[in-house]
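Report on one structure; see the data block that follows.
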Amino acid sequence: MLSKTMQDALNRQVAMEAASSQAYLAMASWAEIQPGLDGVTNFFYQQSDEERVHMLKLIRYINERGGFAIVPTLEQPNITFQSLQRVFEEFLKHEIAVSESINELVGLALQERDFSTHNFLQWYVTEQLEEEALARTLNDKLELVGDDKGGIYLFDKDILLFRSAISKDNNAAG
Ligand code: OFO
């Protein structure tokens, strides 16, 4: 059975994953109305779907452990961006905040001697490692490209390949 403290903390993470899904959905929608950003658009639609899956995993886990998962109210995320660079800076900032939140949860699970939750959270630890690495790589690439239109064209064309390359590397390392 989950302690009340652990349940509340996991429910806060449910809200954070839901907010991530909304934030990335807004990025997808913004990218979709910019000319020529099909790759970025697909990337953020996929990213948004993944965050929903992360939220669902938490909901199922909380209920499975005798708790009650709360479906959260959502605030409207940022819906417009000054540039592609701003979108990816925000993406990285967001992923760093999620990693910090997961680390807090892991610490709490240990403190509560809740080893099932500690074990469950390891999946999120690995996922965050991957997502932060991906967000950093994409920011580095955009910095190299600057305002060069040809570079942005190639970035957009290859963005989904960068993601699969990073998850392959991490799976091989793991
Ligand atoms: Fe939920 O995976 Fe990153 O944020």
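In this chain, residues are counted from 1 in sequence order. Just so we're clear, the structure is a prediction, and the values are computed from it rather than from any experiment.
Only one option out of Lys93, Glu89, Glu95 pairs with Phe91 in a side-chain contact (heavy atoms from CB on, under 4.5 Å); it is Glu95. Glu131 pairs in a side-chain contact (heavy atoms from CB on, under 4.5 Å) with only one of the listed residues (Gln47, Arg136, His94), which is Gln47.
Interatomic distance, Glu32 CD to Met27 CE, rounded to the nearest 0.5 Å: 15.5 Å. Here CD of Gln76 is found 9.0 Å from CD of Gln22. Values are rounded to the nearest 0.5 Å. The structure places CD of Glu127 at 7.5 Å from CD of Glu51, a figure rounded to the nearest 0.5 Å. The structure places OG1 of Thr137 at 11.0 Å from CG of Leu142, a figure rounded to the nearest 0.5 Å. Of the inter-residue distances, the one linking Gln7 atom CD with Ile70 atom CD1 reads 7.0 Å to the nearest 0.5 angstrom. The CD atom of Glu104 sits 8.0 Å away from the CD atom of Glu100 when rounded to the nearest 0.5 Å.
Residues Tyr45 and Asp49 are not in side-chain contact: their nearest non-hydrogen atoms beyond the backbone lie 4.5 Å or more apart. Between Ile152 and Leu37, the closest side-chain pair of non-hydrogen atoms falls below 4.5 Å. Side-chain contact between Asp38 and Lys157 is absent, with no heavy-atom pair separated by less than 4.5 Å. Using a 4.5 Å cut-off on side-chain heavy atoms (C-beta onward), Ile79 and Ser29 make no contact. Within the 4.5 Å cutoff, the side chain of Phe43 has no heavy atoms near those of the Asp156 side chain.
The aromatic rings of Tyr24 and Phe44 are tilted relative to each other, their planes meeting at an angle between 30° and 60°.
Defined by atom type and a distance below 3.5 Å, a donor-acceptor pair is missing between the side-chain atoms of Gln46 and Glu50.
Considering all non-hydrogen atoms of both residues, Pro77 and Ala26 come closest at CG-CB, 3.8 Å. Taking all atoms of both residues into account, the shortest heavy-atom contact from Ala109 to Leu121 is CB-CD1, 4.4 Å. What you find for Ser99 and Gln128 is that their closest heavy atoms are OG-NE2, 3.1 Å. Of all heavy-atom pairs between Ala31 and Val40, the closest is CB-CG1, 3.8 Å. The two residues Glu132 and Leu92 come nearest to each other via the heavy atoms O-CD1, 4.1 Å. For Asp114 against Arg65, the heavy-atom pair with the smallest separation is OD1-NH1, 3.3 Å.
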Criterion side-chain contact (heavy atoms from CB on, under 4.5 Å) on Ile62 and Phe68, from CA distance to verdict = CA-CA 6 Å; Ile62 294 167; Phe68 177 38; 5.7 Å; no
inquiry  = Run Leu56 and Arg52 through side-chain contact (heavy atoms from CB on, under 4.5 Å) and show every step you take.
reply    = CA-CA 6 Å; Leu56 282 174; Arg52 184 166 190 280; 3.5 Å; yes
task = Give the intermediate values and the outcome of side-chain contact (heavy atoms from CB on, under 4.5 Å) for residues Met6 and Leu10.
result = CA-CA 6 Å; Met6 198 72 245; Leu10 289 170; 4.3 Å; yes
key: Evaluation steps, side-chain contact (heavy atoms from CB on, under 4.5 Å), between Asp140 and Leu144   = CA-CA 6 Å; Asp140 289 349; Leu144 276 179; over 6 Å; no
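Ring-centre distance between Tyr61 and Tyr124: not below the 6.0 Å cut-off.
Remark: Asn103 engages no residue in a side chain to side chain contact (heavy atoms under 4.5 Å, CB included) (not counting sequence neighbours).
Transitive grouping of hydrophobic side chains (ILVMFWY, heavy atoms separated by less than 4.5 Å) brings Leu58 and Trp123 into a common cluster. Linking Ile, Leu, Val, Met, Phe, Trp and Tyr residues whenever their side-chain heavy atoms come within less than 4.5 Å leaves Met16 and Leu74 in two separate clusters. Following chains of ILVMFWY side-chain contacts shorter than 4.5 Å, one cannot reach Phe88 starting from Val98, and the two form parts of different hydrophobic clusters. No chain of hydrophobic side-chain contacts below 4.5 Å, direct or via other Ile, Leu, Val, Met, Phe, Trp or Tyr residues, connects Ile102 to Val53. Leu25 is not connected to Trp30 by any chain of hydrophobic side-chain contacts under 4.5 Å among Ile, Leu, Val, Met, Phe, Trp and Tyr, and they are in different clusters.
Annotation for Phe115: atom CZ counts as buried by contact number, over 12 foreign heavy atoms lying within 6.0 Å.
At least one donor-acceptor pair under 3.5 Å links the side chain of Thr126 to the backbone N or O of Gln122.
For Asp8 and Arg12, the salt-bridge test fails: no basic side-chain N is under 4.0 Å from an acidic carboxylate O.
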